[in-house]
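No hydrogens, no waters, no symmetry mates; every other heavy atom, side chains included, goes into these values.
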Amino acid sequence: MTRSYARASLAAVALLALAGPSSPCRGADLLDRIEILQLANGIPLYLAPAESADTVNIEIRVNVGTTAETDAEVGAAHLLEHSLFRAEELQSDMTYLQVISQEGGKANASTGSDSTTFWAIVPAEKGSWLIELMARMLLERQLTDDQVEMEKATVALEIGEIHPLVAFLGFDPGLIFHPPYLEVPGFWERELGMPAEPRPSQNQIRLRTAKLRRHHVQGLYDRYYHAGNLVIFVAGRFDRDSIHSSFARAFGAWRGTGSAILPPDPLPTLNRRPYRSITPAGERCRIQVGTRFIDLTPRAEVALRAYLDQAAFELMKVLRNERGETYTVSPIVSLRHNFGWAGLSLAAPPHAFQRNLELVRAKVREEATAGGVTEEQFDFARQRYLQKHDLDEPDVSTMMAFAYQAYSSIRRYGSMVSPYKLIQQMDVKTYRDELRRLFDPEAAVEDLDVPPLLFRGDVVVMAMLVIILCSRVFRLVFRRRFRHDEVRWIRKLAYPPLRMLEIGVAFAGFLLSIHVFFLLRYALIWLDFQDWSIGAWYFSGLLETAVAFCLYAAMFVFVPRKLMVIGDDLVVKCISYWSYRIPLASITKVSTVRILSWPFPLRLWLGRVRHRVVSTRLAFWQPVLLVETDRGKSYAWSVTRPRDAAAELIGLLRPQPPGDAGSAGGAEPVETPRQTGAVENRTDSGP
């Protein structure tokens, strides 16, 4: 620990010592007020009394969300939440929201991935009435087509209207550019062994929600809305026996028709190596340094949260008071049940990034990883933890938060454990041991938005330079030089408006490139290459740029743009630098032929031409130029005036007298083929 840390800690502890004793908690533990009852059908009831309140807050959590939806039910959980607020007993312009509002209360609901929560706050004397109302709203429901269709409009306001193009196509075109199966493994998959949870895109959700019918929504309700999936929370001013009796009467006999529950998360597996993610940033860089863990215990969680709060406080004092840098250092704890990651997060300007990164690294390494927390720092962390608890007032919102804390503790650890009692009972040795176990060097996490390597936007400049370099290399390697006075004939291939073929090939190249990028990124992740340094990030990005250029160049090899006779060769020039030559001496037949003809010439198209047909005109039924060679290969191209082109090319098949160079416009067409009779000007549609 550095001297600045020690001075900051000692000063804080001295101030706290003047305020009173440092170890005991001055206030009562509000978690002790939480009482957990159980109805006859097994529904748990969490009571969080707040005697000084004038209202009562009731929240009913149903353990089902979007992850329970089948492909045909995407959007059904959200639509079901809305539809339950409507009922036949109400007027068409009323919902349960308006009914509660008329009684001086307010209500709403929310749908998440694994839960749907309905809540309402009313004056305390209306508690029993609200319980009966929520029972009518949630239990034994049979929705109607009108209720579901009416709530679709409300859902559309929340998730957004369907784009006209998406509605016309009937699918999300964005998935073409970003297919879900090309997602590289994320943090939770790579580092903690959690399977990915694929979710439809927003456009897919909008489309499928619009197609939902009553049986989809009712089916989800029938399977998941049962007593085994409900949890009830009550906070505010209420009589314990009266509220319990009201819930027992309204909810206690209901069991529901289904029994489905969401599957639990699989057991996590910790990737035993440090995790490091580096991304270039602009003016605002970000530092996140922490650790990953599994099998978190209640005592370890308390030690973790207390240390991160203490470390964030001390770092801010150093950065603000000693360096004059007004940074906010925030503790982060991200949990899924009893595993996840935690750390310290702060922003930093580029000029101070490396210095601040080393500062945070040194603090975590010396105090948490090496167990170097002093007794003064431990007392300070414990006192801050308890002081924050003392600031909690037993109002409705605070008590509801404590009720959820009790519920989370039971789900996570199997029992309701008070963190305030745990930290009061903890000594400095236990504190150090827990931190050392949590901050294992092999479980370290660094997520960094670092300054650019050279300047802001340098990656764009580098990518342009890579494209220019690749272009020059392709030009030197694949470009074939010729003398212009050797050009005897040129004919451009016929293309449709807007260069539709080039657009199609570019799109195909894009689809190919994103698949190659996926394989490349997956390989780099498997090699941990991108975790090494900022230079590795630049290298991987520039490598993708070079690969993309090569892919596009390779795709355009299949797009001929021009036919030329140079000397004794027929040269096919592609859009890219690539071109290939067909010796005139190897050509055995030149003719015109239709792609569509009867009977269909299978031997010609499937036996000789195959993929070497390039017909890009919109009038694809027009004749194309057919060139057959003695190598068993034939070529078909769309050209303007194909019969004239065939006649001109036939004339050029004759050996050229020495010194008689043709012009670029081509020679006069002749009607007589070579003496071999192998070449003819045929305009019929058959082979």
If you look at every heavy atom in [X] and [Y], which pair is closest and at what distance?
X	Y	answer
Met194	Pro268	CE-CA, 3.6 Å
Pro200	Val74	CG-CG1, 3.7 Å
Ala381	Tyr431	CB-OH, 3.7 Å
Pro44	Leu230	CD-O, 3.4 Å
Gly65	Thr116	CA-OG1, 4.4 Å
Leu308	Pro331	CB-CB, 3.7 Å

Test log, rule salt bridge (Lys or Arg N to Asp or Glu O under 4.0 Å), inputs Lys421 and Asp32: CA-CA 10 Å; Lys421 291 183 174 63; Asp32 291 339; 2.8 Å; yes
[X] side chain to [Y] backbone, donor-acceptor under 3.5 Å:
X	Y	result
Thr545	Gly541	yes
Thr117	Ser110	no
Thr67	Ser113	yes
Asp458	Leu454	yes
Thr209	Ile205	yes
Glu189	Gly186	yes
Gln204	Ser201	yes
Thr291	Leu438	yes
Glu314	Ala311	no
Arg292	Asn271	yes

Full working for side chain to side chain contact (heavy atoms under 4.5 Å, CB included) between Phe187 and Arg190: CA-CA 5 Å; Phe187 174 84; Arg190 292 173 54 192; over 6 Å; no
Could you tell me whether the side chains of [X] and [Y] share a donor-acceptor contact shorter than 3.5 Å?
X	Y	result
Glu301	Tyr413	yes
Gln288	Glu446	no
Asn63	Tyr224	no
Glu393	Thr398	no
Asp427	Thr430	yes

Check ion pair [X]-[Y] (N to O, under 4.0 angstrom):
X	Y	value
Arg284	Asp449	no
Glu69	Arg199	yes
Asp433	Lys429	yes
Asp447	Arg286	yes
Glu191	Arg273	yes
Glu358	Arg361	yes
Asp172	Arg208	no

Below 6.0 angstrom between ring centroids: does that apply to Tyr552 and Phe510?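 No - the distance between ring centres of Tyr552 and Phe510 does not fall below the 6.0 Å cut-off.
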Check whether the ring centres of His515 and Tyr181 lie less than 6.0 Å apart, and answer yes or no.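 Yes, they do, as the ring centres are separated by less than 6.0 Å.
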List the steps, then state whether ring pair (Phe, Tyr, Trp, His ring centres under 6.0 Å) holds for Phe378 with Tyr307. CA-CA 8 Å; Phe378 167 68; Tyr307 171 71; over 10 Å; no
Any non-hydrogen side-chain atom of [X] less than 4.5 Å from a side-chain atom of [Y]?
X	Y	value
His78	Ile159	yes
Tyr46	Ile232	no
Arg412	Leu335	yes
Pro195	Pro266	yes
Val166	Arg206	no
Tyr538	Met462	yes
Ile514	Pro179	yes
Leu346	Thr328	no

Working to the nearest 0.5 Å, report the span between [atom1] of [X] and [atom2] of [Y].
X	Y	atom1	atom2	value
His178	Phe518	NE2	CZ	10.5 Å
Asp379	Arg384	CG	CZ	14.0 Å
Asp392	Ser397	CG	OG	9.5 Å
Leu220	Thr66	CG	OG1	10.5 Å

Would you please classify the geometry between the [Y] ring and the [X] ring as parallel, tilted or perpendicular, with 30° and 60° separating the classes?
X	Y	answer
Tyr385	Tyr420	tilted
Phe313	Phe380	tilted
Phe233	Tyr404	parallel

Return yes when atom [atom1] of [X] has more than 12 non-hydrogen atoms of other residues, nucleotides or ligands closer than 6.0 Å, and no otherwise.
X	atom1	value
Leu391	CG	yes
Ile261	CD1	no
Arg223	CZ	yes

Is there a side chain to side chain contact (heavy atoms under 4.5 Å, CB included) between Arg382 and Gln424? Walk through the geometry before answering. CA-CA 7 Å; Arg382 181 171 59 178; Gln424 283 180 304; 5.6 Å; no
Go through it in stages, so that I can follow the logic: the residues are Tyr407 and Ile34, the test is side chain to side chain contact (heavy atoms under 4.5 Å, CB included), and I'd like the CA-CA distance, side-chain angles, deciding distance and then a yes or no. CA-CA 10 Å; Tyr407 170 71; Ile34 307 301; over 6 Å; no
Run the side chain to side chain contact (heavy atoms under 4.5 Å, CB included) check on Phe118 and Asn108 step by step: do they pass? CA-CA 6 Å; Phe118 302 85; Asn108 213 327; over 6 Å; no
Between Arg432 and Glu375, is the salt bridge (Lys or Arg N to Asp or Glu O under 4.0 Å) condition met? List the steps. CA-CA 10 Å; Arg432 291 169 181 163; Glu375 290 194 23; 5.3 Å; no
Of Leu270, Leu192, Leu304, which is the lone residue that meets side chain to side chain contact (heavy atoms under 4.5 Å, CB included) with Phe293?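 For Phe293, the side chain to side chain contact (heavy atoms under 4.5 Å, CB included) check succeeds only for Leu304.
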